[in-house]
Amino acid sequence: SAAAAAGKTVVIGLAADSGCGKSTFVRRLTSVLGGGAEPPSGGNPDSNTLVGGTATVICLDDYHSLDRAERKARGLTALDPRANDFDLMYEQVRAIKEGRAVDKPVYNHVTGLLDPPERIAPPKILVIEGLHPMYDERVRDLLDFSIYLDISEEVKFAWKIQRDMAERGHSLESIKASIDARKPDFDAYIDPQKQYADAVIEVLPTQLIPNDEEGKVLRVRLIMKEGVRHFAPVYLFDEGSVVTWIPCGRKLSCSYPGIKFAYGFGTYFGHEVSVLEMDGQFDKLDELIYVETHLSNLSTKFYGEVAQQMLKHADLPGSSNGTGLFQTIVGLKVRDLYEQIAAERADVTTDPLRV
Ligand code: ADP
Ligand code: G6P
C-alpha cells in the first residue's frame with residue numbers, strides 16, 4: 001500500500017494461534033536477519049519484546065486491553081477483539097513506522113496483568129507477532145509483508161499434547177477442552193486473517209503414511225502470493241509449471257516414509273499463488289543441500305545458506321521437515337524484501353532527480 005511504501009521502518013506481520021510456532025519462527029527469522037535478538041536490557045524481566053541489531057520483535061499480546069481477571073469476569077478470550085486495543089496498536093505501529101519511539105504497554109504472561117509500558121525505539125525492521133496482526137484494516141495497511149502460520153487442527157492437537165501433557169502435566173481431556181473452548185473465537189477472529197497474508201505456511205498430517213496416528217511426519221505447504229512488491233516466490237525446477245518430485249533414489253537414500261515435494265500454482269482466497277509442498281522429513285543434512293540445489297529464488301547470499309541455517313538451529317522444532325525449511329526460506333525472503341526497500345530509499349536520497 002502507499003502507506004507501507006512511505007514508511008521508514010519496514011513492518012512485518014506474523015500471525016498464528018498461540019502454540020503454533022510463532023516464537024520458533026521468530027528465532028529462525030532473527031537469526032537470518034543477524035544481529036541477535038535479546039530482551040530489552042535493564043527493563044521488565046517479563047517483557048515480551050526482542051531487540052536485535054536489525055529487527056525488533058513485539059508481541060501483540062501487549063495490546064490486551066483486558067487483563068486475565070477482566071477477561072474471565074466478562075467471559076471473553078484473548079482472541080476476542082473486545083479484549084484488545086486496536087486503536088493503540090495502530091497508533092504505535094504507525095508511529096514506529098514513521099520513525100518515532102513509543103511507550104508500549106507490557107502484558108505480563110506470568111501475572112496476567114498489564115505492567116508499566118516500555119520504550120520501543122524505531123528499528124530497521126519491526127516484526128509484530130501475535131494473534132491479530134492482520135485483523136484491523138489500519139494496522140494491516142502498515143504491513144510491508146505478512147505471514148500466517150496455518151496449523152491444521154490435527155497437528156495443533158498433537159503439538160499441544162506434546163507440550164502440555166509432557167511438559168506441563170495437563171490431562172488429554174483438559175487439553176481437548178481448552179482447544180474446543182477457543183475454537184469459535186479462533187474461527188471468527190484469527191483464521192480469517194490468512195486471506196490477507198503474503199505467505200502462508202500450512203501444516204497438515206502426512207499423506208505418505210496411510211491413516212497416520214502419530215502426527216510426527218508432516219505435510220507442509222508454502223503458499224506464496226503473486227504480485228507482491230519485493231517478493232519473488234520460490235520455485236522448484238521450472239517456474240510456473242507443475243512438478244512432483246521424490247528426491248529419494250540413487251542420489252539420495254531416505255528412510256521410511258521418504259520425502260515428496262510438489263510445486264504448482266492456483267488461487268487462494270481469490271489471489272493467484274504459487275505453492276511449494278514438502279511431505280516427509282530429512283534424515284540428514286546432505287538431503288537438505290541436495291534439495292536446496294533444485295530450488296530457485298531462495299534469496300540466499302551463498303550456496304548452502306538454507307542448509308547452514310537449518311543446521312545452526314537443529315535443536316528447534318521442525319528442523320527436519322517442511323516447517324523448519326519453509327520458515328527458513330520465508331526468513332530469507334523477508335531479509336531480501338528489507339534489503340530491496342533499503343536500496344530503493346538509498347537511491348532516492350542520493351539521486352535528487354528521483355525525489
Ligand atoms: P507460539 O510462539 O506460537 O506459542 P512456539 O514456537 O512457542 O509457539 O511453539 C509452541 C510449541 O509447539 C513448541 O514448544 C513445540 O512443542 C510445538 N511446535 C512448534 N513448532 C513445531 C514444529 N514445527 N514441529 C513440531 N512441534 C512444533
Ligand atoms: C492466548 C493469548 C495470551 C493469553 C492466553 C490465555 O494464548 O495469546 O495472551 O494469556 O491466551 O488467556 P487467558 O484468558 O486464559 O489468560
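Along the sequence shown, residues carry numbers from 1. Every number for a ligand or one of its atoms is a count from 1 in the order of the listing.
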| said: Going by the closest heavy atom to atom 15 (C) of ligand 1, which one wins out of Ala15, Pro317, Ser23, Ser320? | reply: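 Checking each option, the heavy atom nearest atom 15 (C) of ligand 1 is found in Pro317.
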Residues 25-50, side-chain donor-acceptor partners within the protein, below 3.5 Å, at least two apart:
residue, atom, partner, partner atom, Å
Arg28, NE, Gln327, OE1, 3.1
Arg28, NH2, Pro317, O, 3.0
Arg28, NH2, Ser319, OG, 3.3
Thr30, OG1, Val26, O, 2.9
Thr30, OG1, Arg27, O, 3.4
Ser31, OG, Gln309, OE1, 2.8
Ser31, OG, His313, NE2, 2.8
Asn44, OD1, Asp46, N, 2.7
Asn44, ND2, Asp115, OD2, 2.8
Asp46, OD2, Asn108, ND2, 2.9
Ser47, OG, Thr49, N, 3.1
Ser47, OG, Glu118, OE1, 2.8
Ser47, OG, Glu118, OE2, 3.4
Asn48, OD1, His109, ND1, 3.0
Asn48, ND2, Asp62, OD1, 2.7
Asn48, ND2, Tyr107, O, 2.8
Thr49, OG1, Glu118, OE2, 2.4

| said: Parallel, tilted or perpendicular: which one describes the rings of Phe282 and Phe261, with boundaries at 30° and 60°? | reply: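 The rings of Phe282 and Phe261 sit tilted, inter-plane angle from 30° to 60°.
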| request: Answer with yes or no after comparing the ring centroid distance for His294 and Phe237 against a 6.0 Å cut-off, counting only values under it. | output: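 Between His294 and Phe237, the centre distance is under 6.0 Å.
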| query | Any side-chain hydrogen bond (donor to acceptor under 3.5 Å, both in side chains) pairs touching residues 245-272, not counting sequence neighbours? | reply |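 Residue pairs passing side-chain hydrogen bond (donor to acceptor under 3.5 Å, both in side chains), neighbours aside: Ser255-Asp283.
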| query | Would you call Ala16 a ligand 1 contact, heavy-atom distance under 4.0 Å? | reply |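 No; Ala16 lies far enough from ligand 1 that no heavy-atom distance drops under 4.0 Å.
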| query | What part of Thr24, side chain, backbone, both or neither, has a heavy atom within less than 4.0 angstrom of ligand 1? | reply |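 Within the 4.0 Å criterion, Thr24 contacts ligand 1 through backbone and side-chain atoms alike.
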| Numbered atoms of ligand 1 (with element) below 4.0 Å of Lys22, judged on heavy atoms |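 Result: 1 (P), 2 (O), 3 (O), 6 (O), 8 (O).
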| query | Which of the numbered atoms in ligand 1 are below 4.0 angstrom from a heavy atom of Asp17? | reply |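 Per the distance check, 3 (O).
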| query | Do Glu239 and Ser296 have a side chain donor and acceptor closer than 3.5 Å? | reply |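 No donor-acceptor contact under 3.5 Å links the two side chains.
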| query | Does any N/O atom on Leu218 come nearer than 3.5 Å to any N/O atom on ligand 1? | reply |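 No, Leu218 has no N/O under 3.5 Å of an N/O on ligand 1.
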